[in-house]
Amino acid sequence: MALAKRRSTAWATEINDLVRGACGGFLFGIPLLYTMEVWWIGSMAQPPRIMMAIAGTFIAVFWLNRTEGFRKTSRSRPYDALTDTVEAMAIGLVCSAFVLLLLRELTLDVPLRESLGKVIFESVPFTLGVSLANQFLGDTRDAESKPSDNSQPTDHKDALNATLADIGATLLGAIVVGFNISPTDEIRTLAAALSAPWLLGIMAASLLISYGIVFEAGFSDQRKRRQQQGIFQRPLSETIMSYLVSLLAAAMMLWFFDRLTFSDPWTMWLEQILLLGLPTTIGGAAGRLAV
Amino acid sequence: MNQPTQASDSNHQPPRSRAEWITFGIASSLLAIVAGLVGYTWLDERQQRPPILSVLNTETIRAAEGQFYVRLQSPIAAAKPQNRYK
């Protein structure tokens with residue numbers, strides 16, 4: 001019984017580490033996933049250059065893992081940094097391939113060499129983000145056992161203020177990330193290739209990643225977030241509320257940069273808002289942790 | 001000793017759990033497959049061919065309400081109807 005419990009704890013810790021790594025990757029890598037030049041460079045890259053990208057990333061991530069990393073447990077042995085580097089690269093490759101699949105930049109029609117180039121070049125910032133996961137927004141390695149002073153019940157006014165602060169933080173984070181992407185042509189290019197099921201997939205991924213970053217990854221203030229009082233303060237309702245706020249921010253930015261006008265059909269609005277909604281939701285999640 | 005989360009002390013290095021070994025095994029095989037595929041495309045000359053990027057302009061350009069409409073076909077898409085005439 002004790003052995004089974006220990007095993008399940010080990011798996012829970014491992015999954016938590018992997019989720020934290022993936023969330024760090026998304027925070028760092030998502031702006032580059034919406035950069036078509038990187039897709040092109042990946043498509044055109046020759047195998048020796050792709051090999052160089054793998055080797056270069058491996059060395060950089062190895063040195064990052066010597067000091068930081070994505071695990072709660074800090075280990076200082078070079079051997080552990082080596083194994084963590086292999087895992088960080090695998091997380092980076094899987095996550096970037098997943099987003100490229102969602103964005104229809106990776107399909108069965110794309111030749112093998114092009115697919116490899118795209119995934120590997122896009123995985124470079126992702127993998128760096130994985131190995132910097134503990135650095136992003138601090139980590140809770142030492143804060144787990146500290147009692148929080150936010151557990152006192154708050155009155156209705158405080159709850160409203162907390163909710164408004166969350167909405168503001170989400171908007172701020174969403175705008176910071178969205179401003180990098182909304183003026184570019186990538187949103188239009190990607191929207192042209194997407195059908196309804198893929199848009200639903202993007203919505204699901206946005207919600208899942210946002211929930212993971214705020215409530216599962218173990219970044220700083222996660223405990224505070226779970227204890228914070230407010231109208232939408234339950235994890236699921238907060239995730240949905242922040243997604244809607246991020247979509248609103250995406251719509252505002254697309255209109256601000258004249259990417260969308262009121263004479264455009266509503267389907268165009270929907271497609272582009274949902275597409276930009278993925279990075280703005282990730283930015284919004286980071287904003288709520290930072291503020 | 002088997003509590004990995006309590007290992008903040010640098011003198012105490014906990015052993016890797018079975019879960020960590022399994023994920024490391026999956027991660028290393030994934031990385032090996034990707035590196036192997038890149039090596040395969042490097043050695044296989046057929047994969048080195050540049051992609052066909054030429055397009056065929058099969059219809060005339062028409063203008064309507066200040067917008068120009070250009071219908072373009074890629075050689076791959078055009079190949080099927082051409083075969084039918086052979």
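All values below were derived from every heavy atom in this structure, side-chain atoms included, with hydrogens, water molecules and symmetry-related copies excluded. The chains referred to below are lettered A, B, ... by the order of the sequence lines, with proteins before strands, and numbering in each begins at 1. Please read these numbers as outputs of a predicted model, since none were measured by experiment.
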Give the member of Val34(B), Thr23(B), Ile22(B) that has the highest number of heavy-atom pairs under 4.5 Å with chain A.
Thr23(B)

Under a 4.5 Å heavy-atom cut-off, does chain B meet the side chain of Ile120(A), its backbone, both or neither?
side chain

Only counting residues at least two apart or in another chain, list the ones meeting salt bridge (Lys or Arg N to Asp or Glu O under 4.0 Å) with Glu14(A).
Arg71(A)

Checking Leu18(A) against chain B: side chain, backbone, both or neither under 4.5 Å from a heavy atom?
side chain

Inter-residue atom distance Met51(A).CE - Thr41(B).OG1, 0.5 Å rounding:
7.5 Å

Distance check, rounded to the nearest 0.5 Å: Glu20(B) atom CD versus Asp17(A) atom CG?
7.0 Å

Give a yes or no on whether Arg49(A) atom CZ has more than 12 heavy-atom contacts from other residues, nucleotides or ligands under 6.0 Å away.
no

Measure the spacing between OH of Tyr40(B) and CG of Leu112(A) and express it to the nearest 0.5 Å.
7.5 Å

Picking from Glu87(A), Met44(A), Met89(A), which has the most non-hydrogen pairs under 4.5 angstrom with chain B?
Glu87(A)

Picking from Ile91(A), Val86(A), Val94(A), which has the most non-hydrogen pairs under 4.5 angstrom with chain B?
Val86(A)

Report, as yes or no, whether the 6.0 Å neighbourhood of atom CH2 on Trp269(A) holds more than 12 heavy atoms from other residues, nucleotides or ligands.
yes

Anything under 3.5 Å between a donor and an acceptor, one on a side chain of residues 26-33 of chain B, the other on a protein residue two or more places apart or in another chain? List them.
residue, atom, partner, partner atom, Å
Ser28(B), OG, Phe24(B), O, 2.8
Ser28(B), OG, Gly25(B), O, 3.1
Ser29(B), OG, Gly25(B), O, 2.5
Ser29(B), OG, Ile26(B), O, 3.2

